[in-house]
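Here is the naming used below: chain letters follow the sequence lines, and residue numbers restart at 1 for every chain.
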2 protein chains.
Amino acid sequence: MRYHLLVADEQERAEGRRGIERELKRGSLELIVLHLLAPAEAYGYEIVSKLAAETSGALEVTDGTLYPVLYRLERAGFVSVRWETPQRGVPRKYYRLTDAGRAELAALTLEWTTFARAMSRLLRTGRDAR
Amino acid sequence: MRYHLLVADEQERAEGRRGIERELKRGSLELIVLHLLAPAEAYGYEIVSKLAAETSGALEVTDGTLYPVLYRLERAGFVSVRWETPQRGVPRKYYRLTDAGRAELAALTLEWTTFARAMSRLLRTGRDAR
DNA sequence: GCACGATATCTGGTTACGCAAGATATAGGG
DNA sequence: CCCTATATCTTGCGTAACCAGATATCGTGC
């Protein structure tokens, strides 16, 4: 099943406005996922729904976007993977942060903060000028 | 001439770390450029140097990145273009915000702020947990 | 017992954009 | 005369988000 997300984005597309949100998410998604995995391990589908719920739609992703991210994180050694096949129910793939993953999370958080601060500072300049 | 930029990025690449900054800029660049054009018209080369100076390196771009952005903005009707050929010196192409450009600037600023706020809120959650 | 929706994961192709690298042209200094 | 600085433009590459589809299992209703 495909999670139905990004309603605002679809509206923008219909209006001819390209969704800039898509681009903004570039590079932030990895950080977002690592952050969500920090408190406890989780499986893909759970992350998608968590994200939609916790950010009330502002940072939603489709599963088709998330799984490649998780795969990338696994390949990079930032998460470890564990399959769980319950007697009843669909098998789940649980992702857990590794030590390298925590280090990466810290690094990306810093990078994001630096970037966001630079943007905020820039956007503040000249707000009363002109 | 190519502006020499993003020293940090090159260091990261040398270390094997891919620069996430590159991805973070996605979608923000248009906003950045529109913002820089808000107080007064400017030419491409000027924008590159201004940006490097004003953000002390945090938001630098190369000219090879900027010119396509400016072209996109022109095609979209967000900036108007004027050539100036002085008696001495290289001709300059001046870009000026249109009314549509100012509207777009406002819209993008709002989108950025919304996104950044959502990110900050998310990254704050669980900062003391575990 | 079977159709259907919800849960859960994976894959292929498309699109878009930042950037490195190269080309081009003018002007001034050693 | 070459080298650097100013100034713009173009090609090609890599990467990442996303859409659309495929697959498989379970619970519920008819």
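- Between A:L24 atom CG and C:dG18 atom P there is a gap of 11 Å when expressed in whole angstrom units.
- The main-chain N or O of A:G77 is found under 3.5 Å from a side-chain atom of A:T98 such that the two form a donor-acceptor pair.
- Residue B:D63 places its side chain closer to D:dT8 than to any other of D:dT8, D:dA17, C:dG28.
- The CZ atom of B:R75 sits 11 Å away from the P atom of C:dA16 (whole-angstrom rounding).
- When the P atom of D:dA17 is taken as reference, atom CG of A:L66 falls 10 Å away, rounded to whole Å.
- Checked by atom type and distance alone, the side chain of B:K25 pairs as donor or acceptor with a backbone atom of B:E60 at under 3.5 Å.
- Contact check, A:R72 against D:dA17: a side-chain N or O comes under 4.0 Å of OP1 or OP2.
- The CZ atom of A:R82 sits 12 Å away from the P atom of C:dT9 (whole-angstrom rounding).
- Ion pair B:E104/B:R102 not flagged as a salt bridge, since none of the NZ, NE, NH1 or NH2 atoms sits closer than 4.0 Å to an Asp/Glu carboxylate oxygen.
- Distances from the side chain of B:V61 to the nucleotides C:dC10, C:dC19, C:dA27 place C:dC19 closest.
- Remark on DNA chain D: of its neighbouring residues B:Y43 and A:P68, the 5'-side contact belongs to B:Y43, judged by nearest-heavy-atom nucleotide.
- Between A:V90 and A:W83, the residue anchored nearer the 5' end of DNA chain C, judged by the nucleotide with its closest heavy atom, is A:V90.
- Contacts of B:E84 with the nucleic acid, taken as non-hydrogen atoms under 4.0 Å apart, are absent.
- One can place CG of A:L51 at 14 Å from C1' of D:dA17, the figure rounded to the nearest angstrom.
- Look at A:Y45 and you'll find a side-chain N or O under 4.0 angstrom from OP1 or OP2 of C:dT7.
- At the heavy-atom level, B:G64 lies under 4.0 Å from base atoms of the strands shown.
- A:Y67 has its OH atom 17 Å from the P atom of D:dT23, to the nearest Å.
- Of the residues listed (B:L51, B:L108, B:V69), the one engaging B:I32 in a side-chain contact (heavy atoms from CB on, under 4.5 Å) is B:L51, and it is the only one.
- Closest approach to the A:V69 side chain among D:dA17, C:dG28, D:dT8 is made by D:dA17 (side chain taken as heavy atoms from C-beta onward).
- Here B:T65 does not reach the OP1 or OP2 of C:dG18: none of its side-chain N or O atoms lies under 4.0 Å away.
- Ionic pairing of A:E84 and A:R82 is present here: one or more N-O contacts between side-chain nitrogen and carboxylate oxygen are shorter than 4.0 angstrom.
- If you measure from atom CD1 of A:I47 to atom P of C:dT7, you get 16 Å, rounded to the nearest angstrom.
- Among the heavy atoms of the strands lying under 4.0 Å from B:E23 are primed sugar atoms or P, OP1, OP2 only; no base atom is included.
- The main-chain N or O of A:E30 is never found under 3.5 Å from a side-chain atom of A:H35 such that the two would form a donor-acceptor pair.
- Here B:Y71 lies out of heavy-atom contact (under 4.0 Å) with every strand.
- Evaluation of atom-type donor-acceptor distances gives a pair under 3.5 Å for the side chain of A:R26 against the base of D:dA16.
- In this structure, the NZ atom of A:K25 is 15 Å from the C1' atom of C:dA16, given to the nearest Å.
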